[in-house]
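Proteins get letters first, then strands, A, B, ... in listed order; numbering begins at 1 in each. Worth knowing before you read on, the calculation uses all heavy atoms, side chains too, and leaves out hydrogens, waters and symmetry mates.
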2 protein chains.
Amino acid sequence: MDYFQMESYLKAIGDSNRMRILKYLMKDSLCICEFTELMKMTQPAISQHMKKLKQAELVLEEKRGRWTIWSLNIRHAQYPILIHLLSLLPEPERTIETLKAEGKKVVCE
Amino acid sequence: MDYFQMESYLKAIGDSNRMRILKYLMKDSLCICEFTELMKMTQPAISQHMKKLKQAELVLEEKRGRWTIWSLNIRHAQYPILIHLLSLLPEPERTIETLKAEGKKVVCE
DNA sequence: TGTATTAATAAGCAAACACTTATATAATAA
DNA sequence: TTATTATATAAGTGTTTGCTTATTAATACA
């Protein structure tokens, strides 16, 4: 890995909202609309964060009907480091469980 | 560590020039003027990078006469991660040895 | 005393970043 | 078909970033 690849990698991770996204993806594969509910952000904001994570190959997308299901790319060479860094962070306040409790869990499949 | 602290940490590391600085510091403690020679950058540019690294507590400074000697903060909680990340990067082209060979090694002490 | 030397800081600037609102695309449902 | 839903993309905006040049501060040396 050269210096600019490492820079791209660290910049992709180094945003608090993208770290929250990655932290959620450690537990579940999720679609954009679920992130908008979990993180109280607009759909384009989430979409643009996913694009950055995708360009860094940190996440994978799978089209399923109208939805795009996003997941962690566990085959990324630096995946163990990512998991280690994310493990240092607390769980986000709103969880998939709270979404379900609110009846807002989207059935994407 | 919370999300914003992690963001600050990753942003401090996530610049190719600062990674080169940190890579040099893995081998030697160095002063600003040596970095300007090694990296062919201006003195204020180096100074400003050191300020960012200092704010993230990744480096320590020690005033010695006219010089400020910078070193890695090996007591930083995430020091092992830093070393691991830096170990993935190649050695910079110009080394302290090439500086000496060119007669440009500064005697800071 | 000056006068270099080393480094920090200030101010300015272009590019990148993270959002916004608006629109486009594509799949599903009525 | 038309409407709805989920997502992507485009365009605009304020903030941050990484440099530049100019200046300041502090030490060492003549």
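With C:dA7, C:dC19, D:dA8 as the choices, the nucleotide that has an atom nearest any side-chain atom of B:C31 turns out to be C:dA7. When the nucleotides C:dT9, D:dT7, D:dA10 are ranked by their closest atom to the side chain of A:Q43, D:dT7 comes out on top. Of the listed nucleotides (D:dT7, C:dA10, C:dC19), C:dA10 has the atom at the smallest distance from the side chain of B:Q48. Of the candidates D:dT9, C:dA8, D:dT7, the closest approach to any side-chain atom of B:I32 belongs to C:dA8.
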Contact list (N/O, under 3.5 angstrom) for nucleotides 1-5 of chain C vs protein:
from: C:dT5; atom 1: O4'; to: B:R66; atom 2: NH1; distance (Å): 3.1

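Proximity of residues 6-26 of chain A to DNA chain C (heavy atom under 4.0 angstrom from any strand atom) is restricted to A:D15, A:N17, A:R18. Contacts of residues 54-61 of chain B with DNA chain C (heavy atom under 4.0 Å): B:E61.
Annotation: salt bridge (charged side-chain N to carboxylate O under 4.0 Å, His left out) contacts of A:K54 (sequence neighbours excluded): A:E61. For B:S16, the side-chain hydrogen bond (donor to acceptor under 3.5 Å, both in side chains) test picks out A:E7, with sequence neighbours left out. Annotation: side-chain contact (heavy atoms from CB on, under 4.5 Å) contacts of B:Q5 (sequence neighbours excluded): B:M1, B:D2. Checked against side-chain hydrogen bond (donor to acceptor under 3.5 Å, both in side chains), B:N17 has the following partners two or more places apart in sequence or in another chain: B:R20. Judged as a side-chain hydrogen bond (donor to acceptor under 3.5 Å, both in side chains), and not counting sequence neighbours, A:S71 has no contacts. Residues that satisfy the ring-ring contact (aromatic ring centres under 6.0 Å, His included) test with A:H84, not counting sequence neighbours, are absent from this structure. In this structure A:Y9 satisfies the ring-ring contact (aromatic ring centres under 6.0 Å, His included) test together with A:H76, sequence neighbours excluded. With sequence neighbours left out, B:E62 forms a side-chain hydrogen bond (donor to acceptor under 3.5 Å, both in side chains) with B:R64.
At whole-Å resolution of the value, NZ in A:K63 and P in D:dT7 are 9 Å apart. Distance B:K51 NZ to D:dG18 P: 14 Å, rounded to the nearest Å. Taking atom CE of residue A:M50 and atom P of nucleotide C:dA18, one finds them 14 Å apart after rounding to whole Å. In this structure, CZ of B:F35 is placed 15 Å from P of C:dT6, rounded to the nearest angstrom. C:dT6 atom P lies 11 Å from atom CD1 of B:I69, rounded to whole Å. Between A:L30 atom CG and D:dT7 atom C1' the separation is 15 Å, expressed in whole Å. A straight line from CD of A:E34 to P of D:dT7 spans 8 Å, rounded to a whole angstrom. We find that CD1 of A:I46 is positioned 20 Å from P of D:dT5, with the value rounded to whole Å.
B:S47 comes within 4.0 angstrom of a nucleotide base, judged by non-hydrogen atoms across all strands. Across all strands shown, B:M41 has heavy atoms under 4.0 Å from sugar-phosphate atoms exclusively, and none from any base.
Counting only distance, with no hydrogens or angles, the side chain of B:E34 and the backbone of B:C31 share a donor-acceptor pair below 3.5 Å. With B:Y3 contributing its side chain and A:P90 its backbone, the two residues share a donor-acceptor pair below 3.5 Å.
For residues 68-92 of chain A, every residue pair satisfying the salt bridge (Lys or Arg N to Asp or Glu O under 4.0 Å) rule, not counting sequence neighbours, is listed here: A:K23-A:E91, A:K27-A:E91.
Atom CD1 of B:I46 is separated from atom CG of B:L53 by 10.0 Å, given to the nearest 0.5 angstrom.
Considering only side-chain N and O atoms, A:T42 lies under 4.0 angstrom from the phosphate OP1 or OP2 of C:dT20. Between A:K52 and C:dA18 there is a side-chain N or O to OP1 or OP2 distance below 4.0 Å.
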